[in-house]
Amino acid sequence: MRYSQYLLPTLKETPSDAEVISHQLMMRAGMIRKVAAGVYNYMPLGLRSVRKMEQIIREEMNKAGAIECLMPMANPAELWQESGRWEKYGKELLRFKDRKETDFCMGPTHEEVVTDIVRNTVNSYRQLPLNLYQIQTKFRDEIRPRFGLMRGREFIMKDAYSFDLNDEGADKSYSKMYQAYRNIFNRCGLKFRAVEADSGAIGGSFSHEFMVLAESGEDGIVSCDTCEYAANVEKAELIYRDLKMPEATAELQKIDTPDQKTIEEVAAFLKVPAEKLVKTLIVQTSDDEVLAVLLRGDRELNMIKLNNLLNVDWVLMAEDAIVREVTGAPAGFAGPIGLKIKVIADTEVMGMADFVVGGNAVDVHYTGANVERDFKVSRFADLRQAVAGDPCPRCDGGKFESWRGIEVGHVFKLGTKYSDAMNATVLDAQGKSIPLVMGCYGIGVGRTVAAAIEQNHDENGMMLPMPLAPFQVQILMLSAKDDEVREAAEKLYAELLDMGIEVLLDDRDERPGIKFKDADLVGIPLRVTVGAKALKDGNVELKKRVDGEQSLVPLAGAAKKLQQLVDAALA
RNA sequence: CGGAGCGUAGCGCAGCCUGGUAGCGCGCCUGGUUUGGGACCAGGAUGUCGGAGGUUCGAAUCCUCUCGCUCCGACCA
């Protein structure tokens, strides 16, 4: 492709509404342009990367035995009413009517449609297993779209749905997809973790999220440094091997702690580490219950774990008025001793003795507090947020490392939720009608490209890995007016095209500085500079975008050398 | 939906408080000089000041309504 004839509108300045790097760079490199909130044009350059991502997905899905199809964006309400989601999905489902006033929605996901296909076409267990996938534009009317392609309302997604006769089959389908996903993200050259996820409202027995590691990730995750275990911090299990309740050795003592409210203040005031404190959080639930939660002073409460434990819709920190009512003191002095409400504690607290707690009165704390002797705990449970260094629950000796991650894929075992609701059954070998066991598997295509940029960039621009890069090689024709330079660049360009290499020739009549800056911004992995200097000796300059490694190569052998480098980067 | 903020040239912004000729930088066009990391000189084009209504002799500026967008909270590929 010739730059002079291409549409590659780069921006010198960062658009003011782009918050994250990938969004900024995709805008600046002319990959995307916004049309409406959370709705983007894929510009020629951006589309090239998106298509590459899709192709990798397609190849790996096909290899795993999935079959591509394409379902409509416009879904009739009828199917959604059948599954019950027309009512349940809420405002995120973009609804509209056709000219006959029939209700439709833009598909945010396609369980209903695919289930409808299968129930109409699959009747026998002999036709199983079946895995149908598509790469489609989805629409979810998110309340707050942001971060460019990272969280758009309209976005391209690969979604796959597996159908099996029974659980064992479904598990097999699931693990095939799990492996296919690993292959996909590996091929993209991304650092990622497959984490155990909360299967949430959709239910089902297990679920993994595929997270690309990046500083700017929205999710906190932990992974074991020795085994395969990885999980969202919200879900990461904690384990206490050989936990015993130690003997109390200290007397319970009431002490004055004037104006010392936070854990840091109290710890500093008493000259003890925060680990020797136990904090008491007063929470209220959707069932109108108020209870106290105990955690070691330096730990964070994991609301999701608490939520699941209590089995309620939501849990919140109690309002000030409630705190005063149950503890008799303003926030900052709550403690378990003498509380009338139910007290639950993080398991870790069980292993603590002689600790500091709030005194339920202004400017008062207790030291030397102990469970059982001084107060009762109705229940111990894993309630705290996992952090780096925590021991792995699945292996011996492994420790957690912590990361930020961007969720780019999700695999779910669905069970029979949709097949039951929509009556998708087959006859088994005994002629009995049984509901299909389903799984669903999504990958955010644009999001993965954005995540790849988050993970691969520097201050000058993008550094997309070869498999996702819009072009493989860029030639900078440094002076379009110099005949020798032009001819040499043209020759190399033609050779590379012949070899089937994806090459962008910057033949614009621009100053070198502009070409260099744009090249860095777009970040095509291999850059060849054809300039008068090196050409005098018959050479061109080769520079790798990732590490900045430069070398002079003879013009004559440049094409071959480039081909080797491209091949190596794709292997 | 709750809270905060912004809509002025393609992009980034000033002007608004205190009403009176719409401005700056970048980009764009023309000519010239330049040509290895976002050049310089000279000339030029570009705006329903988001929209509607109101106040006023006069509104980008004040008032009301409206639409769009961005940011902070609960959802998610």
Side-chain angles (χ1 to χ4, degrees), chain A residues 9-20 23 27-28 30 33-39 53 57 89-93 107-110 135-160 181 185 197-198 200-202 207 209-212 218-219 232 286 303-304 307 313-316 405-412 440-451 460-461 476-482 485 508-521 527 529-535 540-541 543 548 550:
Chain A
T10 59
L11 257 30
K12 202 192 286 197
E13 287 170 277
T14 300
S16 59
D17 56 358
E19 283 282 301
V20 296
H23 187 195
M27 290 291 290
R28 287 192 54 210
R33 282 291 134 99
K34 189 170 72 175
V35 181
V39 179
M53 183 70 219
I57 292 173
Y89 215 96
K91 291 197 169 174
E92 220 170 273
L93 190 62
T109 173
H110 282 76
I135 295 174
Q136 237 294 25
T137 296
K138 308 277 194 208
F139 197 98
R140 292 184 191 169
D141 200 356
E142 294 260 355
I143 300 164
R144 199 153 95 73
R146 58 184 138 170
F147 304 150
L149 292 195
M150 206 79 102
R151 188 189 287 252
R153 290 142 96 202
E154 189 181 286
F155 57 99
I156 301 172
M157 180 176 168
K158 186 285 304 179
D159 48 329
Y181 274 39
F185 297 117
D198 201 4
I202 306 185
S207 158
E209 288 171 347
F210 285 77
M211 310 284 252
V212 169
E218 291 188 84
D219 295 278
N232 199 305
S286 50
M303 285 288 192
I304 294 182
N307 222 323
D313 290 339
W314 49 258
V315 181
L316 285 175
I406 298 165
E407 185 187 353
V408 292
H410 203 155
V411 293
F412 259 114
C440 78
Y441 318 93
I443 292 179
V445 175
R447 183 125 122 189
T448 306
V449 173
N460 295 315
L476 298 193
M477 184 192 279
L478 226 45
S479 166
K481 283 182 181 149
D482 180 322
V485 168
R508 291 175 299 169
D509 183 16
E510 289 288 356
R511 297 171 60 82
I514 291 180
K515 296 193 177 191
F516 284 128
K517 289 289 182 192
D518 277 341
D520 286 344
L521 177 61
R527 185 183 94 190
T529 307
V530 183
K533 272 188 197 168
L535 205 55
V540 295
E541 293 162 41
K543 184 170 180 181
Q550 290 196 65

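Protein chains get the first letters and strands the later ones, always in sequence-line order, with residue 1 at the start of each.
Looking at A/Arg33, its side chain does come within 3.5 Å of a backbone N or O of A/Met27 through a donor-acceptor pair.
B/rU61: no Watson-Crick or G-U partner with both key distances under 3.5 Å is found in any strand. Applying the Watson-Crick and G-U wobble criteria (two distances, each under 3.5 Å), B/rU55 pairs with nothing in any strand. Of the nucleotides present, B/rC6 is the one that pairs with B/rG68 by Watson-Crick or G-U wobble criteria, both distances under 3.5 Å. Across all strands shown, nothing is found opposite B/rG19 as a Watson-Crick or G-U wobble partner with both distances under 3.5 Å. Using N1 to N3 plus N6-O4 or O6-N4 for Watson-Crick, or N1-O2 and O6-N3 for G-U wobble, each under 3.5 Å, B/rG25 pairs with B/rC11.
Base engagement by A/Asp518 is indicated by at least one non-hydrogen atom pair under 4.0 Å involving a base atom. Within the 4.0 angstrom heavy-atom criterion, no nucleotide atom of any strand lies near A/Arg508. Within 4.0 Å (heavy atoms only), A/Gln136 reaches no atom of the nucleic acid at all. Nucleic acid contact for A/Arg28: base, since at least one base atom lies under 4.0 Å from a heavy atom of the residue. When heavy atoms are screened at a 4.0 angstrom cut-off, A/Gly442 is found touching no nucleic acid atom at all.
Between A/Arg511 and B/rA39 there is a side-chain polar atom (N or O) within less than 4.0 angstrom of OP1 or OP2.
Partners of A/Arg151 according to the side chain to side chain donor-acceptor pair (under 3.5 Å) rule, which considers only residues two or more places apart in sequence or in another chain, are A/Glu218. Contacts of A/Arg153 classified as side chain to side chain donor-acceptor pair (under 3.5 Å), with partners at least two apart in sequence or in another chain: A/Asp141. Taking the side chain to side chain donor-acceptor pair (under 3.5 Å) definition, one finds that A/Lys515 meets it with nothing, sequence neighbours left out. Contacts of A/Met157 classified as side-chain contact (heavy atoms from CB on, under 4.5 Å), with partners at least two apart in sequence or in another chain: A/Lys138, A/Arg140, A/Phe155, A/Asp159. With sequence neighbours left out, A/His23 forms a side chain to side chain donor-acceptor pair (under 3.5 Å) with A/Tyr40. When the side-chain contact (heavy atoms from CB on, under 4.5 Å) test is applied to A/Ser16, no partner is found at least two apart in sequence or on another chain.
Residues A/Asp219 and A/Thr529 both approach RNA chain B. Their nearest nucleotides, taken by heavy-atom distance, put A/Thr529 toward the 5′ side. A residue-by-residue look at A/Met157 and A/Gln550 shows that A/Gln550 has its nearest nucleotide of RNA chain B further toward the 5' end.
The nearest pair of heavy atoms linking A/Leu521 to A/Arg28 is CD2-O, 3.4 Å. Residues A/Leu476 and A/Ala519 come closest through the heavy atom pair CD2-CB, 4.2 Å.
For the P atom pair drawn from B/rU18 and B/rG44, the interatomic distance equals 38 Å after rounding to whole Å. Comparing the P positions of B/rC69 and B/rC11 gives an interatomic distance of 15 Å, to the nearest angstrom. A distance of about 35 Å separates the P atoms of B/rG31 and B/rA14, rounded to the whole Å.
Atom pair A/Phe210:CZ and B/rC76:P shows a separation of 19 Å (rounding to whole Å applied). A straight line from NZ of A/Lys91 to P of B/rC1 spans 6 Å, rounded to a whole angstrom. To the nearest angstrom, P of B/rC75 lies 14 Å from NE2 of A/His410. To the nearest angstrom, P of B/rC76 lies 13 Å from CD of A/Glu218. With rounding to whole Å, A/Asp509 atom CG is found 14 Å from B/rU33 atom C1'. Computed from coordinates, the A/Met303 CE to B/rC75 C1' distance equals 17 Å when rounded to whole Å. Rounded to an integer number of Å, the gap from A/Lys517 NZ to B/rG38 P is 6 Å. The separation between A/Met477 atom CE and B/rG36 atom P is 16 Å, rounded to whole Å.
Between A/Phe185 and A/Tyr181, the two ring planes are perpendicular [angle over 60°; tilted spans 30° to 60°].
For B/rA77, the base is stacked against the aromatic ring of A/Phe155, per a cut-off of 5.5 Å between centres and 30° between planes.
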Distances under 3.5 Å only, N/O to N/O: pair up the protein atoms with those of nucleotides 69-72 of chain B.
from	atom 1	to	atom 2	distance (Å)
B/rC69	OP1	A/Ala37	N	3.2
B/rC69	O3'	A/Lys34	NZ	3.0
B/rU70	OP1	A/Lys34	NZ	3.3
B/rC72	OP2	A/Arg144	NH1	2.8
B/rC72	OP2	A/Arg144	NH2	2.2

Checklist outcome for this item: Expected string for nucleotides 23-32 of chain B under the B/S/- scheme (protein heavy atoms, under 4.0 Å, primed atoms plus P, OP1, OP2 as sugar-phosphate) is --BS------
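Applying the salt bridge (Lys or Arg N to Asp or Glu O under 4.0 Å) definition to pairs two or more places apart or across chains, those involving residues 10-19 of chain A are A/Asp17-A/Lys34.
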